[in-house]
Amino acid sequence: MNLWPFVLYAALVLITAGSMIGLSAILGERHKERFTNQPYEGGILSEGTARARFSIKFYMMAMFFVVFDLESVFLYSWAVAARDLGWVGYWEALIFIGVLVAALVYLWRLGALDWSPDTRRKTR
Amino acid sequence: MNPVLLKIIVLVGILLVVLGLASGLIWLERRLLALWQDRYGPNRVGPFGLLQVMADMIKIFFKEDWIPPFADKWVFVFAPSIVMITVLLTFAIIPFTSVIQITDMNVGILFFLGMSSLGVYSVVLGGWASNNKYSLLGGMRAASQMLSYEVFMGLSLMGTVMLAGSFSLRAIVEAQQHMWFVIPQFLGFVLFFIAGVAETRRLPFDLPEAESELVAGFHSEYSGMKFGMFFVGEYLGVILISALISVLFFGGWLGPVLPPVVWIILKTLFFICFFILLRAALPRPRFDQLMSWGWKWMLPLTLANLAVTGAVVVAMRR
């Protein structure tokens, strides 16, 4: 694989992105009025900072992503060699997929995949 | 011709065409949406309103490029460029024809998946650095949506990888000489398309910037060209997913009579128009529906597709 075209292309992409930011910083107008430097919250005066607490669900999704995406990487390497590995490889991959599905069913039953607390109580 | 010179022409050409097409899409989308909603759309600047793109570009460069004093300055400035850089870099691996390709990586699909994962940083950092509550919520939504759909976006492609026996996009196109992969991998195609819509944050999955609830979501505080880069990045994403669908499932540049370049352009344009039609036709789901749809339906379906395809590929091997 010849790498230099990619490096040249990447350099061009970086230059394009940089010059877009740079040009608009130079060309853009500037103004300052009473409420210019307020965060925009639909016309209402901002209350408190945005470094506030938010739902833990977002964090849970990131955790699930780490769990499932890491496991799917192993399936990628099986997929590319599926033909050579034959039936032995296939059954092993199937067991692995089974473990993945078991984890998914566990999370599902736990109610971790539901966003509203009501449905979570129902499944218990 | 000198191969080095040819490569440089191809490389600059791809960059210019892709960027031109991305800004042209703003016009195309507005015209098509207008057509489907019984309006005219932009038709004043130039023939058929074609110069609207130029007018918008001049305007956006002279708009105030505001960096909020309460924002995290460096992250705020850098965030919009991430999405553009990652998407543009992915175009390096796409084989538009057997000649028009920047580099044929043997891990092409993995490179694409890696770059699209990195693209998540753009919206998360942009939303967080803005120090605005709407932006923060939009950024968090974008993160969990893109991460969730990322999981089966990769897995939905593994069926085609199994059939072609390679991660290289060129090898995948060449394996489709006799049959497009959309026929044996129809489920994979549908799953990849849905994941692609969620990944580019297009309607009906544009909840990170749902303007009726979050002002503009993660780019509420962005103005000028920084906003423009999020915008162009989204259109670049649409072109990228459309081009990838044509390459992976619809035989890429292969086709009768017409030259290969025309085929890949026709196929890509078809899927771009389909993206726009989705926006015109479908309502937005709720965010909890979107997430449970992804985890409870798409992921099990992808795994089933993988298991069945694997069995067929192993049984049919010579």
Side-chain angles (χ1 to χ4, degrees), chain A residues 1-3 5-6 8-10 12-14 16-18 20-21 23-25 27-31 36-37 39-42 46 49-52 54 57-58 61-62 64-65 68-69 72 75-76 78-83 85-87 89-90 93-94 97 100-101 104 107-108 113-116, chain B residues 7 11-12 15 61-65 68-70 77 81 84-85 88-89 92 102-106 110 131-137 140 143-144 147-148 150-151 154-155 158 161-162 165-167 215 220-221 224-226 229 287-288 291-292 295-296 299-300 303 306-307 310-311 313-314 317:
Chain A
M1 183 178 66
N2 218 342
L3 206 62
F6 179 74
L8 183 60
Y9 179 74
L12 281 180
V13 167
L14 288 178
T16 311
M20 274 168 90
I21 290 185
L23 258 182
S24 86
L27 293 176
E29 57 159 336
R30 277 169 234 301
H31 81 290
T36 303
N37 288 335
Y40 180 72
E41 286 182 11
S46 177
T49 77
R51 301 279 180 266
F54 51 89
K57 290 289 174 190
F58 294 111
M61 284 300 149
F64 299 159
F65 168 72
F68 285 98
D69 212 43
S72 65
L75 287 174
Y76 294 176
W78 165 63
V80 76
R83 226 168 279 231
L85 293 175
W87 285 113
Y90 176 74
L94 207 61
I97 292 177
L100 257 178
V101 171
L104 189 68
L107 289 173
W108 193 334
L113 302 181
D114 299 311
W115 276 69
S116 50
Chain B
K7 205 73 180 178
L11 185 151
V12 175
L15 187 63
F61 266 119
F62 286 94
K63 280 280 175 188
E64 178 167 13
D65 189 33
F70 47 86
V77 172
S81 60
M84 246 189 90
I85 291 171
L88 277 176
L89 282 184
I102 294 171
T103 177
D104 181 38
M105 289 194 190
N106 52 5
L110 297 184
N131 211 342
N132 175 318
K133 285 155 211 143
Y134 289 119
S135 304
L136 179 76
L137 275 179
M140 286 304 139
S144 43
L147 292 181
S148 300
E150 185 84 38
V151 173
L155 287 175
M158 288 310 125
V161 170
M162 261 186 248
S166 172
F167 283 129
V215 187
S220 293
E221 296 289 356
M225 203 58 208
K226 291 204 201 66
M229 284 172 92
F287 193 65
D288 61 319
M291 300 306 283
S292 55
W295 286 101
K296 292 179 182 172
L299 185 59
L303 291 173
L306 203 62
V313 164
V314 173
R317 77 185 193 279

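Naming: A, B, ... by sequence-line order, numbering from 1 per chain. Scope of the values below: all heavy atoms of this structure, side chains included, with no hydrogens, waters or symmetry mates.
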Open item on the list: I'd like to check the side chain to side chain contact (heavy atoms under 4.5 Å, CB included) partners of A/Leu104; sequence neighbours left out, ordered by chain and number.
Closed with: A/Phe68, A/Leu113, B/Trp295, B/Leu299, B/Pro300
Task: Among the listed options B/Leu110, B/Leu15, B/Val313, the residue most often paired with chain A at heavy-atom distances under 4.5 Å - done: B/Leu15
- [ ] Mind checking the CG-CD1 spacing from A/Leu12 to B/Ile102? Nearest 0.5 Å is all I need.
- [x] 9.0 Å
Open item on the list: Rounded to the nearest 0.5 Å, what separates atom CE in B/Met158 from atom CG in B/Leu303?
Closed with: 12.5 Å
Open item on the list: Heavy-atom cut-off 4.5 Å, strictly under: side chain, backbone, both or neither for B/Leu306 against chain A?
Closed with: both
Open item on the list: Less than 4.5 Å to any heavy atom of chain A: does that hold for the side chain of B/Lys133, its backbone, both, or neither?
Closed with: both
- [ ] Output the option from B/Met140, B/Met291, B/Glu150, B/Met84 having the highest count of non-hydrogen pairs under 4.5 Å with chain A.
- [x] B/Met140
Task: Partner chain A: residue of B/Val12, B/Leu89, B/Val77 with the largest heavy-atom pair count (under 4.5 Å) - done: B/Leu89
Open item on the list: With a 4.5 angstrom heavy-atom cut-off, is it the side chain or the backbone of B/Phe62 that approaches chain A, or both, or neither?
Closed with: both
Open item on the list: If I measure from the heavy atoms of chain A, does B/Leu88 come under 4.5 Å with its side chain, its backbone, both, or neither?
Closed with: both
- [ ] Please report the closest heavy-atom contact between A/Phe65 and B/Leu147, naming both atoms and the distance.
- [x] CD1-O, 3.2 Å
Task: Closest non-hydrogen atom pair between A/Gly86 and B/Val314, with its separation - done: C-CG1, 3.5 Å
- [ ] Could you check whether the rings of A/Trp78 and A/Tyr90 sit parallel, tilted or perpendicular, using 30° and 60° as the cut-offs?
- [x] tilted
Open item on the list: Ignoring hydrogens, what is the shortest heavy-atom contact between A/Arg30 and A/Ala25? Give both atom names and the distance.
Closed with: NH2-O, 3.0 Å
Open item on the list: Please classify the contact between B/Tyr134 and chain A as side chain, backbone, both or neither, with a heavy-atom cut-off of under 4.5 Å.
Closed with: side chain
Open item on the list: Please rank B/Asn131, B/Leu137, B/Asp288 by heavy-atom pairs under 4.5 Å with chain A and give me the top one.
Closed with: B/Asn131
Task: Largest heavy-atom contact set with chain B, pairs under 4.5 Å, which of A/Val80, A/Leu107, A/Asp69 - done: A/Val80
Task: A/Tyr76 to B/Gly154 - nearest heavy-atom pair and separation - done: OH-CA, 3.2 Å
Task: Contact winner vs chain B - A/Met20, A/Glu29, A/Met61, heavy-atom pairs under 4.5 Å - done: A/Glu29
Task: Interchain contact, B/Ala307 with chain A, by part (heavy-atom threshold 4.5 Å) - done: both
Task: chain B interface, residue from A/Leu14, A/Ile21, A/Leu94 that has the most non-hydrogen pairs under 4.5 Å - done: A/Ile21
Open item on the list: Testing the basics here: between B/Ile85 and A/Ala17, what is the closest heavy-atom pair and its distance to 0.1 Å?
Closed with: CG1-CB, 3.9 Å
TODO: Locate the shortest heavy-atom distance separating B/Met162 from A/Ala82; write the atom from each residue and the value.
DONE: CG-CB, 3.7 Å
Task: Among B/Ser166, B/Pro69, B/Ser148, B/Pro68, residue most engaged with chain A (heavy-atom pairs, under 4.5 Å) - done: B/Pro69
Open item on the list: Using a 4.5 angstrom heavy-atom cutoff, name the option from B/Lys226, B/Lys296, B/Met225, B/Lys63 with the most pairs to chain A.
Closed with: B/Lys296
